[in-house]
Protein chains: 2
Amino acid sequence: MPVTSQLSPTERSTIRRGSERARTEREELHAVLDAGLICHLGVVVDGAPRVLPTGYGRSGDTLYLHGSTGARSLREAAGEPEICVTVTHLDGIVYARSAFHFSVNYRSAVIHGRPRQVTDPDEKWRALQVITDHLAPGSWEHARQPTKRELAATAVIALDLTEAAVKMRGGGPNDDPEDVEADKAWAGVLPLETRWGAPEPSDDLAPEFGIPAHVLERRYPA
Amino acid sequence: MPVTSQLSPTERSTIRRGSERARTEREELHAVLDAGLICHLGVVVDGAPRVLPTGYGRSGDTLYLHGSTGARSLREAAGEPEICVTVTHLDGIVYARSAFHFSVNYRSAVIHGRPRQVTDPDEKWRALQVITDHLAPGSWEHARQPTKRELAATAVIALDLTEAAVKMRGGGPNDDPEDVEADKAWAGVLPLETRWGAPEPSDDLAPEFGIPAHVLERRYPA
């Protein structure tokens, strides 16, 4: 890996609020990204921010994003000197004795960097494999792979995971001692759980086409 | 309501890609926002985008965001001429016969606007009620409400829901006819389901303190 295991110490990626929640290990950045399904891509357009949900995949310390070559968001992202990509997992709501101390348990990764348009056909091919298998593991091998025309119609950008901030919160509320003593309100965590539902075969699929293992046995996350 | 039921027709909030997925009714914007728990707030800092997960609440056609007065993101958002707030629900992964046609089912709302710092104590009080009851319905009445000091330590910004784009995708894959005919790969939707887990009382809560109905009977979404 060309980067160190420590995440970036630049000004904007140094977490000031709740610094005890900051995680500096690269492995934790990878874990947050690998457990996510979509990211929120931030670009600046005419001086104003624009935030759009987008698919992605990770290969080592490179994040790949893709979209149609006709989509404005990716064209704009590719032309921008800087983008921001954020992946957030909401794990639960923290109920406190006081409204002031309500919070959420979460894991988030915020990545800043200059995007690179992927034009090399081999890298683009690998990037699409990474993105497809991130969204739907096992599908690159199972499904028909892209034609040259499809490859040309897909825009891919790469973002180095050099400058990133990982933040997490877990556990119960941090109530004031007087409120704990008063014993007037419930306090604790209501966990949020995400799981896969039963696969829904396409209407135009042959009825005898069984659900393949990579769909049926998919676990969350992964 | 001071705004029309039609969402903004401005240049940047007019959806070009997949315009059949655009929803123009204000009620659908409200539904996407009300079903969400956190948003992704985009601000421009030193010319670069920054995207951070943030809590919010809606009152009519005003969105409220809050944070500590010490938090950079909200200070920066309040000082910015423009921010972007995006709420996304991921409903499932769309498996297609070709990698090119893989997609996701989702609902998203993207709001652009100039934030307004909420300084009037009455509006700030109501905004905190809205945000608290969005994150944890019933909790504003159940928990201790803010003191003057806590109110002063909380920054609240308001964003009018005037300029917004709602986008949704549902249903199965849009495969090419040749791939449907070839019948070589599974196609369908793997739904993603989110639900509340069992409430976890705080370690320092009196053991006899029962879990109140607004926690125990909370449904998702709501």
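Order of the sequence lines sets the chain letters (A, B, ...), proteins ahead of strands, with each chain counted from 1.
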Original post:
For the residue pair B:Tyr56 and B:His134, is the inter-centroid distance of their aromatic rings smaller than 6.0 Å?
Top reply: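 Here the rings of B:His134 and B:Tyr56 have centres that are less than 6.0 Å from each other.
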
Original post:
Any salt bridge between A:Glu123 and A:Arg116, counting N to O under 4.0 Å?
Top reply: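 A salt bridge links A:Glu123 with A:Arg116.
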
Subject >> Salt-bridge criterion met for B:Arg144 and A:Asp175 (N-O under 4.0 Å) >> reply: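 Here B:Arg144 does not pair with A:Asp175 in a salt bridge, since their nearest N and O are not under 4.0 Å apart.
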
Just give me the residue among [options] that pairs up with chain A most often, heavy atom to heavy atom, under 4.5 Å.
options: B:Ser139, B:Gly171, B:Ala182; value: B:Ser139
options: B:Pro53, B:Gly42, B:Ser98; value: B:Ser98
options: B:Asp179, B:Leu90, B:Ile38; value: B:Asp179

Per-residue contact mode, [X] against chain A (heavy atom under 4.5 angstrom):
X: B:Trp186; answer: both
X: B:Ala96; answer: backbone
X: B:Phe209; answer: both
X: B:Leu128; answer: neither

Subject >> Atom pair CD/CD of A:Glu193 and B:Glu193 - distance to nearest 0.5 Å >> reply: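 Reported value, rounded in 0.5 Å steps: 12.0 Å.
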
Original post:
Would you say the side-chain atoms of A:Thr88 and B:His40 include a donor-acceptor pair closer than 3.5 Å?
Top reply: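 Result is yes, a qualifying pair exists.
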
**OP:** Determine whether A:Val118 and A:Tyr64 make a side-chain contact, defined as any pair of heavy atoms from C-beta on separated by less than 4.5 Å.
**Re:**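 With C-beta onward as the side chain, the pair touches.
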
